[in-house]
Number of protein chains: 2
Amino acid sequence: MKYVYRNRTSDCPYELTLSLISKRWKPRILEVLAQQSLRYGDLKAALPGVSDKVLSAALDDLTRDGLLSRTSFAEIPPRVEYAMTPQGDSILTAIAALRDWAIRENGR
Amino acid sequence: MKYVYRNRTSDCPYELTLSLISKRWKPRILEVLAQQSLRYGDLKAALPGVSDKVLSAALDDLTRDGLLSRTSFAEIPPRVEYAMTPQGDSILTAIAALRDWAIRENGR
DNA sequence: CGGCATCCACACGGATACTG
DNA sequence: CAGTATCCGTGTGGATGCCG
């Protein structure tokens, strides 16, 4: 059996979902944007230590994979807003189980 | 807030759980062992394409992280059995939500 | 402001050969 | 049988500098 999501395929449905979210910073990006939409600079400020290259690469991935929306306003200075999509929200529900596991096992 | 599991810590509970399972082959190892305990050679045969080095490194990780048990029998030829621990089973329950997400989104 | 280009160092997966 | 040792190519993260 092959599982498909957009351009990705895998024999293992775990792996397919993990491939969308397991890169560095992605879980935190989703965690932050789950609370509120943010523009690029605010997002970067919320993630101390991330570089522009890595952050923009992660945002590109998440946007291309349909988990985030990217809205660019034709203003000066430029403004770009990132927000969760419905698919992003649904995957957040799925990974909430991972959060709960960590909380339940906390300290062990 | 800091989340702790054995030797690992993270500010983000998603990331803590993901760090345990997101390396290559780990999801499939867990998927296979969820069905039945297996010895090393059978596990390798169930994962076409994996090398000894990578497989044994992943098994070491999972064992050290308490998700798998490793039982070595003092026989000739040697026999080593890998099986899920209760913690491994509980994390499988958590990542089942990821599997369900992939299945629900399948083909989109 | 919101990136991208470049460069570097290191971690990782994979192939092969060898061993208790 | 169940690994370890070694080497290698690639990918990834991070730092810095520049640009529309």
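Below, chains carry the letters A, B, ... as their sequence lines are ordered, and counting in each starts from 1.
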- Rounded distance in Å - OH (A/Tyr82) to P (C/dG2): 9 Å
- Is B/Arg108 paired with B/Glu105 through a side-chain N to carboxylate O contact shorter than 4.0 Å? yes
- Query: A/Asp42 CG to C/dG2 P: how many Å, rounded?
  - Reply: 7 Å
- Item | Given A/Lys26, A/Arg8, A/Arg6, the one that forms side chain to side chain donor-acceptor pair (under 3.5 Å) with A/Asp65 | A/Arg8
- Do the side-chain N or O atoms of A/Arg39 get closer than 4.0 angstrom to the phosphate oxygens (OP1, OP2) of C/dG2? yes
- Note on the structure: Angle separating the five-pair end axes of the helix from C/dC1-D/dG20 to C/dG20-D/dC1, nearest 10°, is 50°
- Message: Just the rounded figure in Å: distance from P of C/dC1 to CD of A/Glu81.
- Response: 14 Å
- Task: Name the first nucleotide and the last nucleotide along DNA chain D (5' to 3') that come under 4.0 Å of a heavy atom in chain A.
- Result: D/dG13 to D/dG20
- Contact check, residues 8-26 of chain A vs DNA chain D, heavy-atom distance under 4.0 Å, returns A/Lys23, A/Arg24, A/Trp25
- Message: Is the shortest side-chain heavy-atom distance between A/Tyr82 and A/Asp42 below 4.5 Å?
- Response: no
- Query: Does A/Tyr3 have any ring pair (Phe, Tyr, Trp, His ring centres under 6.0 Å) partners at least two apart in sequence or in another chain, and if so, which?
  - Reply: none
- Message: Under a 3.5 Å distance rule, please check whether A/Ser37 uses its side chain to pair with a backbone N or O of A/Leu33 as donor and acceptor.
- Response: no
- In whole angstrom, what separates B/Arg28's CZ from C/dG13's C1'? 15 Å
- Task: Identify whether the distance between the nearest side-chain nitrogen and carboxylate oxygen of B/Arg70 and B/Glu81 falls below 4.0 Å.
- Result: no
- Roughly, in whole Å, what's the span from CZ in B/Phe73 to P in C/dG20? 24 Å
- Message: I'd like to check the ring pair (Phe, Tyr, Trp, His ring centres under 6.0 Å) partners of A/Tyr40; sequence neighbours left out, ordered by chain and number.
- Response: none
- Item | Residues in contact with DNA chain D, drawn from residues 45-67 of chain B - heavy-atom cutoff 4.0 Å | B/Asp52, B/Lys53, B/Ser56
